[in-house]
Number of protein chains: 2
Amino acid sequence: MVDDDRVFKALADPTRRLLLDLLFAREGRTLTELESEVTMSRFGVAKHLKVLEEAGLVVTRRSGREKLHFLNPVPIRLIHDRWIDKYTERHVTALVDLKTALEDEP
Amino acid sequence: MVDDDRVFKALADPTRRLLLDLLFAREGRTLTELESEVTMSRFGVAKHLKVLEEAGLVVTRRSGREKLHFLNPVPIRLIHDRWIDKYTERHVTALVDLKTALEDEP
DNA sequence: AAGTTAGGTGACCAAAAGGTCACATGTCAA
DNA sequence: TTGACATGTGACCTTTTGGTCACCTAACTT
């Protein structure tokens, strides 16, 4: 899925994950507000927010001259459901087998 | 967490996710075997496998001149538990609130 | 109306990432 | 022991990414 790729790439940057954390703690923040919590210029933050928005992880609402940012957990939910589940919910036995295989090494 | 960062970055590339899928389908494959399933030179695949290994997503075992690759789902489980859960398990109401807020827009 | 505040754009740069290749090492097989 | 096979390494190149800045528009304030 092409969309998944954008989400994974958006999540790959620590600053962007921090921005998501900030929005998780309190939604509806403006760019300036977010900038003040990060050691980066406004332009850098704006770029990161754009990436998050294009990945669908953040949605925005304009209010006068301000732009309010909201977290959208749906894309994370989607990659969770159709990708991560696969690797985490099954194969406890496979894991044990691997451990055994490694322990057999000299 | 610094380790999380390596995992997220490792997951950001579609070729690497494909390699994980291939190992998920059948573990213990060699580099040459994996190379044959991907439109990329052996060197490219080797680089990707190294990234996956350094992120802990793949573990290897040497067998003669071959290097066998195994999937390790533990790091995915970890980011699932301490990061993704946070965004997916709660806040159904927050989501509804957001939807309402957006619908109020002109 | 004038100044201030919030945000957007495009140019620009440095660093990192993705990919290939020539070459080198180690291992198996005849 | 010779040749083929599996993999590792470092140089190298191109594209992408992360970040800043100068400059612009739009909206609030007084």
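By convention in this document, chain letters (A, B, ...) are assigned in the order of the sequence lines, proteins followed by strands, and residues within each chain are numbered from 1.
- Going from atom CZ of B/R6 over to atom P of C/dA17 covers 12 Å, rounded to whole Å.
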Taking distance alone, no hydrogens or angles, what donor-acceptor pairs closer than 3.5 Å link side-chain atoms of residues 49-59 of chain A to residues at least two apart or in another chain?
residue: A/E53; atom: OE2; partner: A/T60; partner atom: OG1; Å: 3.0

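- Side-chain N/O atoms of B/K67 include one lying less than 4.0 angstrom from OP1 or OP2 on D/dG8.
- At the phosphate of C/dG18, OP1 or OP2 sits under 4.0 Å from a side-chain N or O atom of B/R16.
- Non-hydrogen atoms lying under 4.0 Å from DNA chain D are contributed by A/M40, A/S41, A/F43, A/G44, A/K47, A/H48, all within residues 38-54 of chain A.
- In this structure, A/H80 and A/D85 have side chains that are in contact, with non-hydrogen atoms separated by less than 4.5 Å.
- B/K9 places a side-chain N or O within 3.5 Å of a backbone atom of A/A12 that can act as its donor or acceptor partner.
- For the pair B/E35 CD and D/dT7 C1', the interatomic distance rounds to 11 Å; values are reported in whole Å.
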List every contact pair, protein side and nucleotides 27-30 of chain C side both N or O, where the distance is under 3.5 Å.
residue: C/dT27; atom: O2; partner: B/R65; partner atom: NH1; Å: 3.4

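- Between A/E66 atom CD and D/dA27 atom P the separation is 13 Å, expressed in whole Å.
- In the helix from C/dA1-D/dT30 to C/dA30-D/dT1, the rotation axis of the first five pairs and that of the last five pairs differ in direction by 20°, rounded to 10 degrees.
- Spacing between atom CZ of B/F8 and atom P of C/dA16 amounts to 21 Å, rounded to whole angstrom units.
- Under the rule for a side-chain hydrogen bond (donor to acceptor under 3.5 Å, both in side chains), the partners of B/H48 that lie at least two apart in sequence or sit in another chain are B/R16.
- What you find for B/P14 and A/D5 is that their closest heavy atoms are CD-OD1, 3.5 Å.
- Partners of B/K47 under the salt bridge (charged side-chain N to carboxylate O under 4.0 Å, His left out) rule, at least two apart in sequence or in another chain, do not exist in this structure.
- Not counting sequence neighbours, the partners of B/D21 by the side-chain hydrogen bond (donor to acceptor under 3.5 Å, both in side chains) test are A/K86, A/Y87.
- With a 4.5 Å cut-off on side-chain heavy atoms, A/R77 and A/D81 count as touching.
- Ring geometry, B/W83 versus B/F8: the interplanar angle exceeds 60°, so the pair is classed perpendicular (tilted spans 30 to 60°).
- Between A/L31 and A/K67 the shortest side-chain heavy-atom distance does not fall below 4.5 Å.
- Taking atom CG on A/L31 and atom P on C/dA6, their separation rounds to 10 Å, with Å as the unit.
- The interatomic distance linking B/D13 (CG) with D/dT15 (C1') rounds to 13 Å, in whole Å.
- For the side chain to side chain donor-acceptor pair (under 3.5 Å) condition, the pairs that include at least one residue of residues 34-43 of chain B, sequence neighbours left out, are B/R29-B/E37.
- Straight-line distance from the CG atom of A/L68 to the P atom of D/dA27: 15 Å, rounded to whole Å.
- The distance between atom CZ of B/R62 and atom P of C/dT25, rounded to the nearest whole Å, is 15 Å.
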